[in-house]
Each structure stands twice: as C-alpha cells, then as structure tokens.
Amino acid sequence: MPELPEVETVRRGLAPALEGCRIRLATQRRANLRYPLPDRFAERLTGRLVERLDRRAKYILARLDSGEVLLIHLGMSGRFTIHPPEGGEAAPGQFHHATPESGAGTGKHDHIIFDMEDGTRIVYSDHRRFGFMDLIVEADLDANPHLASLGPEPLGNEFSAFTLSERLRGRRAPIKAALLDQRTVAGLGNIYVCEALFRAGISPNRSAASVAGPQRSERLARAIREVLNEALAAGGSTLRDYAHTDGELGYFQHSFAVYDREGDACSKPGCGGTVKRIVQSGRSTFYCPRCQK
DNA sequence: CGGGACTCCTGCCAGC
DNA sequence: TGCTGGCAGGAGTCCC
C-alpha cells in the first residue's frame, strides 16, 4: 500500500484521532517489527500528548510532548485501523472506520495499540512486518540514518527538473532503479515510478544519466508531481466515510496506466502498443515499449 | 562510490 | 481439494 500518496493519506486519516490527543495507554504485543522496538517503547508512549503528525517521504512522524518523535514506516503491509469509542461517532475524515467491537487489536498481526484518552483505539497491524517504529529525540531527527539521506519531497518547493537532473547526472543505473532510490526523490515506490515514467514517455531501461538533460528531466519531474497529486486526490476523496478495514485505500488503482496491466493495450491515444512486464533489480516494471523511449 | 543480488516476513493466488 | 512456486506497494546490507 504505502508510497507517498498512501502514507500521506494515512497521515491525514490518523490526524483527527491523534493530533492534540493524549495516549492513555500504548501496548506493544511483540518486541520487534522489522527491527527491535526501542527500549521501554510502550512505556515511553503512554501518557504522551501527540502534538503534531507530519510526513517525510514514506515516514509518518508523530511529535510528542516528551520531546521525542515517534517515527513510523509502514513497510509493505503496515496498516492502521481506528476504532471509535463504544457508542461514539467517527469524526469526519476518518478512515478505516471500524465498527466498535471489543477485540479490536487482538488479531494475529495487530502489533501496536494506542488507546487514546477519549476511548478511541488505534491499532497498527503489519502481517509481513517490514514496517518499523522508532523513538527519536527531536533534536536528533535530521541526523537519523533513516531520514538523513532522503532526497527532496517531490511535492515540495525544492523539487524541480533541475534538482532531479542534478541527482540523475552521471548515474549509470536504469532510471527505474534511480527513482526507487530514496536519495534521488523521496517517496516514490514501484507503482508511481512505473506510472511516472509512462506519463513522461521515458523507458525504464534508459540510464538515469540519459534522463538528466533539460527536456527529459522536465517531463519526468512534471509527470512525478502529476501522478502523485492525482493519487493523493483519489486517496483522499474516498477516505471520507471509508468503512472497511481491509486496508484498501482510495481508488487510484483503477487509474493505473501500466502498473499490473501486462498485456493490456497502451492507453496512450494512437500508440497501439502493449504493456509489457520486465524485471529490474528483482522487481516488476510495467511499461509500454512502443511509446516509452 | 555505485550498482546489483539477496534478505527479512506472511499471505494469496495461479497452476498443476 | 491440496500442494508448490511465484509474487507482493520497501529498503538495509553485503559484495564486486
């Protein structure tokens, strides 16, 4: 689920339940996710006020009144569900709005539980456990290894054709691999890299360096911003009164032009090509060999 | 250093 | 129906 648009959607969904709210009780049901949880993880969260919820790349950052930041990465399968108090009403904008049921948070893969002061229960579950959480002193945040080497936010002001070009120059790796590298641009994953390259008409096999010129880098930078913005809009628009807990977010998956569409006719008007699947550094790439050059 | 292969973990689905 | 292999939205580590 989680590339930038999904993580931002999750952040927005969690915000009403967390921002300005105090954690009455945090519970960890195992000692590790992808990595060991920090010492006394649950105790350090219990009683804390969540002052603000931010996002950087694919990370969610919960700033706490203790001066620490709870860093959250959803990995491949990390999910939050929000369970309003019995008899309570879901705030507008909440997602994964589960019907209040005792037993929420007791599933096999429910690893972390936040019981908020107002009775809302927030459950983090992650069946593959590629996600992780950490607690970091706020002053040390920028130096944190997870965050320190991240490239620019693609929807932020510092991202442009020029900054993209600078980060592609001289790199011999395929552009597909370079874009998955979070040091190039932060927040892209397999889906949106495929989609952005399709929109830009750039072959995933082309070397990163060969995309560093002004024309291609401009097209690619624009395509990245476009696809992320559209996905964000699709995710956000369907989150309101979203009533499932199956982890599906938004409906942008119906708008994929190439991702998971092997064998389909290319959607570019007049192209006539067929979407192909190849494997690059162990991961599927979908593209149209006809119009992506 | 850059880049590619491998790794972690579990679930699901197609194919036999 | 049941088993097997392949694949899944990520990214750190190791090795050349």
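Proteins get letters first, then strands, A, B, ... in listed order; numbering begins at 1 in each.
- Within the 4.0 angstrom heavy-atom criterion, only backbone atoms of the sugar-phosphate kind lie near A:P174; the bases stay farther away.
- The phosphate of C:dA11 (OP1 or OP2) has a side-chain N or O of A:K58 nearer than 4.0 angstrom.
- Checked against a 6.0 Å centroid threshold, the rings of A:H146 and A:F132 count as neighbours.
- Backbone-only contact: A:Y35 has heavy atoms under 4.0 Å from sugar-phosphate atoms and none from a base.
- If you measure from atom CG of A:L4 to atom C1' of C:dG9, you get 13 Å, rounded to the nearest angstrom.
- With distances taken from any side-chain atom of A:R277 to the nucleotides B:dG4, C:dA8, C:dG12, the minimum falls on C:dA8.
- Heavy atoms of A:G282 sit nowhere under 4.0 angstrom from any nucleic acid atom.
- One can place CZ of A:R129 at 18 Å from P of B:dT7, the figure rounded to the nearest angstrom.
- One atom, CG of A:D134, and another, P of C:dG10, lie 21 Å apart when rounded to the nearest Å.
- Look at A:R171 and you'll find a side-chain N or O under 4.0 angstrom from OP1 or OP2 of B:dG3.
- Between A:V10 and A:P2, the closest side-chain pair of non-hydrogen atoms is not below 4.5 Å.
- Side-chain atoms of A:Y259 lie closest to C:dG9 of the nucleotides B:dT10, C:dG9, C:dG10.
- Listed candidates were B:dG4, B:dC8, C:dG9. Nearest to the side chain of A:E6 is C:dG9.
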Q: Under the salt bridge (charged side-chain N to carboxylate O under 4.0 Å, His left out) rule, what do A:R48 and A:E68 come out as? Steps first, then yes or no, please.
A: CA-CA 10 Å; A:R48 298 278 60 85; A:E68 291 188 304; over 6 Å; no
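- No more than 12 heavy atoms of other residues, nucleotides or ligands shown are found within 6.0 angstrom of CD on A:Q215.
- Atom CZ of A:R172 sits in a sparse spot, with 12 or fewer heavy atoms from other residues, nucleotides or ligands closer than 6.0 Å.
- One atom, OH of A:Y192, and another, P of C:dG9, lie 12 Å apart when rounded to the nearest Å.
- Taking only side-chain nitrogens and oxygens, A:R283 comes nearer than 4.0 Å to OP1 or OP2 of C:dG10.
- Within the structure, every side-chain polar atom (N or O) of A:Q182 is placed at least 4.0 Å from both OP1 and OP2 of C:dG10.
- Among the nucleotides B:dG4, C:dA8, C:dG9, the one closest to any side-chain atom of A:R128 is C:dA8.
- One atom, CD1 of A:I278, and another, P of C:dC7, lie 14 Å apart when rounded to the nearest Å.
- Along DNA chain B, the nucleotide nearest A:F130 and the nucleotide nearest A:R183 are compared for position; the residue whose nucleotide lies closer to the 5' end is A:R183.
- Within the 4.0 Å cut-off from OP1 or OP2 of B:dG11, at least one side-chain nitrogen or oxygen of A:H109 is found.
- Between the C1' atom of B:dA5 and the NZ atom of A:K176 lies a distance of 15 Å, rounded to the nearest Å.
- Comparing atom distances between the A:E3 side chain and each of C:dG10, C:dG12, B:dG3 picks out C:dG10 as nearest.
- Atom-to-atom, CG of A:D260 to P of C:dG6 comes out at 18 Å; the value is rounded to the nearest Å.
- Across all strands shown, C:dG9 forms no Watson-Crick or G-U wobble pair with both distances under 3.5 Å.
- Remark: A:S284 is in phosphate contact with C:dA8, judged by side-chain N or O atoms under 4.0 Å from OP1 or OP2.
- Contact check for A:Y124 versus A:L33: side-chain heavy atoms found under the 4.5 Å cut-off.
- Between the C1' atoms of C:dG9 and B:dG3, the separation comes to 23 Å (whole Å).
- The interatomic distance linking A:M76 (CE) with B:dT10 (C1') rounds to 11 Å, in whole Å.
- Taking atom P in both C:dC3 and B:dC9, the straight-line distance is 23 Å, to the nearest Å.
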